[in-house]
2 protein chains.
Amino acid sequence: MQDGTFTSPRHLCETASQRGNAFSADCPTRQILDRIADKWSVLILMILGDGAMRFSGLKRRIDGVSQKMLSQTLRSLERDGLVLRHVEPSVPVSVTYSITPLGQELVASLRSMIDWAETRMSDVLSAQRAYDGRDGASEGGMALQRSAVSA
Amino acid sequence: MQDGTFTSPRHLCETASQRGNAFSADCPTRQILDRIADKWSVLILMILGDGAMRFSGLKRRIDGVSQKMLSQTLRSLERDGLVLRHVEPSVPVSVTYSITPLGQELVASLRSMIDWAETRMSDVLSAQRAYDGRDGASEGGMALQRSAVSA
DNA sequence: AGACTTGATCACTAACGGAAACCGAAGGAG
DNA sequence: CTCCTTCGGTTTCCGTTAGTGATCAAGTCT
């Protein structure tokens, strides 16, 4: 039965083509997707897309991020070539982060994603309320629904 | 000192404005961002953006996803009003998932994000290789670098 | 009856994420 | 000199979550 896991087409990815395929599990694109499809990465890139900023500035701007996640995410983004880290050996060390051209390309897509989330927020919220209120109501004949198995 | 955490501007969000602000921790947009900034959500929405598909079809198409994560992610997306779930009480139950107009809007942004990831994959990979090889090389005077504390 | 299909769920483990402590260098107060 | 502070982190502890494999329920075919 588990053999079925491997019968799916591996798609072409590690072949000569320079283009990745996010749907194939072993394609590096999948790792990259997992990295950039991250709450903190998106917010950091969005901010740095508007200009360089110091560590403490990012922490102040991104409400609710912990030092650990901020430095960890910044290091990932630096490793991926999306942000630059500049250390100023001043009195107390001052570290400035900026975005690379490669990262700037990505920011454009992310911006439209955030824009969608901010404008459609209320639609999503009402959909959630509708979904949460649908269960246990006047539905009587749906034997194959999720509620039928929950016992 | 910890009071500083709360001195940051809460931005306007739960006010009269219908528009969210992803940078404020208590704005619903943040939750929505966390939901859609997810590997599996992105891949599912991308596929459903091309047309409806059954559970097993999605599982076959998205290489490496488990049944649990697939049904779990699909239910989240359904709750958020991004996908529709249609149960066909046929011989073995057949469940078809399709995208909503709201979800279709989002797919456009996601597509450009994936497109970036697939085309820039090699750039990111070479940046990663450069970053991983930078440590322990001919750097002699960088006392404030990360390597100084790693001992 | 036994095996198989489809979609969902359970038990369990590995990894993630947050709070807070600690660090290391430099500067100032007492 | 010792204590305390700032900046940019790292480490530790621990709860939550993601992820895997096995299982389940219903129904059909052999």
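Below, read A as the first sequence line, B as the second, and so on, with proteins coming before strands; counting in each chain starts at 1.
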(message) Could you measure the distance from the CZ atom of A:Arg120 to the CG atom of B:Leu106? Nearest 0.5 Å is fine.
(response) 11.0 Å
(request) In plain terms, say whether B:Lys39 and A:Asp38 are close enough for a salt bridge, that is, a side-chain N and a carboxylate O under 4.0 Å apart. (result) no
(message) Please report the interatomic distance CZ(A:Arg79) to CZ(B:Arg129), rounded to the nearest 0.5 Å.
(response) 10.5 Å
(request) In plain terms, say whether B:Asp80 and B:Arg75 are close enough for a salt bridge, that is, a side-chain N and a carboxylate O under 4.0 Å apart. (result) no
(request) Could you say whether A:Asp34 or A:Ser56 is positioned toward the 5' end of DNA chain D, judged by the nucleotide with the nearest heavy atom to each? (result) A:Ser56
(request) Would you tell me if any nitrogen or oxygen in the side chain of A:Arg60 comes within less than 4.0 Å of OP1 or OP2 on D:dG8? (result) no
(request) Give a yes or no on whether the backbone of B:Thr119 and the side-chain of A:Arg19 come within a donor-acceptor separation of less than 3.5 Å. (result) no
(request) Compare the minimum distances between each of D:dT10, C:dG7, D:dG8 and the side chain of A:Ser71, then state the nucleotide with the smallest one. (result) D:dT10
(request) Would you indicate, yes or no, if C:dT9 has its OP1 or OP2 atom less than 4.0 angstrom from a side-chain nitrogen or oxygen of B:Arg75? (result) yes
(message) Which residues in residues 41-55 of chain B have a heavy atom closer than 4.0 Å to any atom of DNA chain D?
(response) none
(request) Would you tell me if any nitrogen or oxygen in the side chain of B:Tyr97 comes within less than 4.0 Å of OP1 or OP2 on C:dT6? (result) no
(message) Check whether B:Phe23 forms a cation-pi arrangement with A:Arg61 (NZ or CZ under 6.0 Å from the six-membered ring centre, at most 45° off the ring normal).
(response) yes
(request) Could you check if a side-chain atom of B:Pro101 sits within less than 4.5 angstrom of a side-chain atom of B:Glu105, using non-hydrogen atoms only? (result) no
Sub-3.5 Å pairs of nitrogen or oxygen atoms, protein against nucleotides 12-17 of chain C:
| unit_1 | atom_1 | unit_2 | atom_2 | d |
| --- | --- | --- | --- | --- |
| C:dG17 | N7 | A:Lys68 | NZ | 3.3 |

(message) Assigning hydrophobic clusters by single linkage (Ile, Leu, Val, Met, Phe, Trp, Tyr; side-chain heavy-atom cutoff under 4.5 Å), is B:Ile47 placed with B:Val95?
(response) yes
